[in-house]
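Proteins come first, then strands; the chains are lettered A, B, ... in the order of their sequence lines, and each starts at number 1. Small disclaimer: the values here were computed from a predicted structure and weren't measured.
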There are 2 protein chains.
Amino acid sequence: MSDQLTSREGTRERIVEAARELFFEQGYNATGMSQILNRAEANSGSLYHFFQTKEDLLVAVLEKYKLMLCPMVIEPAKQRASDPVDRLFAILMGYRMLLEATEFRLGCPIGNLALELSNSHPRARQLIEENFEGWVGEVRAIVDEVSDRLPEGMDAECVATLLLSAMEGGVMLARTYRSLEPFDRTVHAVRLMFDQLVRGGSEWSAPLTATSTP
Amino acid sequence: MSDQLTSREGTRERIVEAARELFFEQGYNATGMSQILNRAEANSGSLYHFFQTKEDLLVAVLEKYKLMLCPMVIEPAKQRASDPVDRLFAILMGYRMLLEATEFRLGCPIGNLALELSNSHPRARQLIEENFEGWVGEVRAIVDEVSDRLPEGMDAECVATLLLSAMEGGVMLARTYRSLEPFDRTVHAVRLMFDQLVRGGSEWSAPLTATSTP
DNA sequence: GTCTATAACTTGATAGAC
DNA sequence: GTCTATCAAGTTATAGAC
């Protein structure tokens, strides 16, 4: 760290951040390099000094998202709730808050790029996969805390994957409908099923097997 | 019908179909008009005779998808299963089959366009909403057949919305991972929760209230 | 590392003959 | 309704001075 006296890295970071915001708001193909340069207040020469192609810049954005997962998504949710199950839904509520605050313009930046680029940009696809994998890993770690209460045939990986799918789908519907209702309906359905699944929630810790009464 | 002797409508339909395929495979912004003309084997003059702008063509594609929902998605699934709950999951399996057949290149054409265009193309956003609304309506009608077995606090609209969100999220993950595993995990989790929710499936029709034993 | 100017190409869309 | 030719603007990327 601090290995070189040269370059405060200010310009590079400004460019990555501008690209990140614009890709988030408009998508990758709809965002032009000139637009990125405007927002970053940088010049073409600077951009292509750091990144050889537009796709290289996209890669840098997706690397940044991997670093942002915990400080921006996971930790804030953990601070808002202490019970494991509540923490899972606090993560989902983070996306709900963003949808509301931006009037449905912003949802999940990764999901945004996933469908647009998975067929055409292999390096981006790989990094998007790693971003999803990070999300599922963090969420699975929380689910693991209550995994003794999961019924047979259901493991923490399954639950975490469902939470990610439901979140991404719910965000997609909310942005399309410009309403929180489909997102809320999705989360409500998951929560209700979830409560039946990890029967009893945090108060009880009695492990459950196939057929049992509350 | 057959109101005019002129124009067999062949060209217009070829253009719409070519655009539909390319938007599905590549997205809207990544598809150029010239590419559409190539695939449709038509000329620029013909295209702009039928559609004033690229967005007008997109609108025609989304109108076509509304007509395709039942014959291409709902009815085939209904033919593959007779029990209502099985029919719901047969619809999801339709998307799984498409993912598999296209090696994860094609998932849901509407979800594809939803995230790309919801911020920037109001007319498209409205039509995408109508497509989702059609899907949820068809699925809700199936859920209604077992709605007497849903627990308190859960209605058919909620269940149908969860199924759409889970499908869209599952498709997104499968296309990103280039694997059916995340899709299957998602569906498996929903199915397990579902079976607990509409306890017993089609054999039993005993309505359930809050706390009860299997 | 940053600047300006611009190359090389593609884009969505149009004009006008047929 | 179809054709060819083409426009103006925008695209990603580069060149070369500073």
Side-chain angles (χ1 to χ4, degrees), chain A residues 2-62 113 116-117 119-124, chain B residues 2-62 113 116-117 119-124:
Chain A
S2 80
D3 37 21
Q4 289 189 345
L5 301 178
T6 62
S7 90
R8 287 96 43 249
E9 284 291 285
T11 303
R12 192 195 132 105
E13 178 50 31
R14 253 174 23 245
I15 291 169
V16 173
E17 177 60 17
R20 189 190 68 79
E21 294 171 12
L22 287 164
F23 292 164
F24 196 1
E25 294 166 19
Q26 306 179 330
Y28 177 76
N29 288 302
T31 299
M33 297 297 257
S34 59
Q35 213 178 352
I36 296 170
L37 293 174
N38 277 339
R39 182 172 298 206
E41 294 180 277
N43 299 99
S44 174
S46 297
L47 198 162
Y48 283 98
H49 168 73
F50 294 112
F51 307 100
Q52 291 200 333
T53 68
K54 187 184 181 183
E55 185 171 11
D56 287 337
L57 178 53
L58 171 65
V59 165
V61 166
L62 290 169
L113 298 170
E116 184 181 4
L117 303 173
N119 281 348
S120 51
H121 293 68
R123 292 163 65 209
Chain B
S2 81
D3 36 21
Q4 290 189 343
L5 300 178
T6 62
S7 87
R8 288 94 46 247
E9 284 293 283
T11 304
R12 191 195 131 104
E13 177 51 30
R14 253 175 22 247
I15 291 170
V16 173
E17 178 60 16
R20 189 191 68 78
E21 293 171 11
L22 287 164
F23 292 163
F24 196 1
E25 293 166 20
Q26 306 179 330
Y28 178 76
N29 288 302
T31 300
M33 297 298 257
S34 59
Q35 213 178 353
I36 296 170
L37 294 174
N38 275 340
R39 183 171 297 205
E41 295 181 275
N43 298 99
S44 175
S46 297
L47 198 161
Y48 284 98
H49 168 73
F50 294 112
F51 306 100
Q52 292 199 331
T53 68
K54 188 183 181 184
E55 186 171 9
D56 286 337
L57 178 52
L58 171 65
V59 164
V61 167
L62 290 169
L113 297 170
E116 185 182 2
L117 304 173
N119 283 347
S120 51
H121 294 68
R123 291 163 66 207

Requested in this report: Scan nucleotides 11-18 of chain D nucleotide by nucleotide, 5' to 3', and note B when protein non-hydrogen atoms come under 4.0 Å of the base, S if they reach only the sugar-phosphate, - if neither.
Outcome: SSBB----
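What separates CG of N43(B) from P of dA13(C) is a distance of 17 Å, to the nearest Å. The interatomic distance linking L37(B) (CG) with dT11(C) (P) rounds to 11 Å, in whole Å. The distance between atom CZ of F51(B) and atom P of dT14(C), rounded to the nearest whole Å, is 15 Å. Distance L47(B) CG to dT4(D) P: 15 Å, rounded to the nearest Å. Rounded to an integer number of Å, the gap from I15(A) CD1 to dG1(C) P is 11 Å. As a whole-Å value, the separation of H49(B) NE2 from dA15(C) C1' is 16 Å. Rounded to whole angstrom, the span from the CD atom of E41(A) across to the P atom of dT2(C) amounts to 14 Å.
With sequence neighbours excluded, the residues that form a side-chain contact (heavy atoms from CB on, under 4.5 Å) with D56(B) are F51(B), Q52(B), T53(B), R123(B). Qualifying side-chain contact (heavy atoms from CB on, under 4.5 Å) partners for S34(B), counting only residues two or more places apart in sequence or in other chains: none. Every residue two or more places apart in sequence or in another chain that forms a side chain to side chain donor-acceptor pair (under 3.5 Å) with E21(B) is listed here: R39(B). Every residue two or more places apart in sequence or in another chain that forms a side-chain contact (heavy atoms from CB on, under 4.5 Å) with N29(A) is listed here: E116(A), L117(A), N29(B), A30(B). Considering only residues two or more places apart in sequence or on other chains, F23(B) meets the ring-ring contact (aromatic ring centres under 6.0 Å, His included) condition with Y28(B). Here E17(B) pairs with R20(B), K64(B) under the side chain to side chain donor-acceptor pair (under 3.5 Å) rule; sequence neighbours left out.
Separation of atoms CD1 (I36(A)) and CZ (R14(A)) is listed at 13.5 Å; rounding is to 0.5 Å.
Each end of the helix from dG1(C)-dC18(D) to dC18(C)-dG1(D) gets its own rotation axis from five pairs of C1' atoms, and the angle between them is 0° to the nearest 10 degrees.
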Please report, to 0.1 Å, the donor-acceptor pairs under 3.5 Å made by any side chain of residues 40-48 of chain B, with sequence neighbours excluded.
none

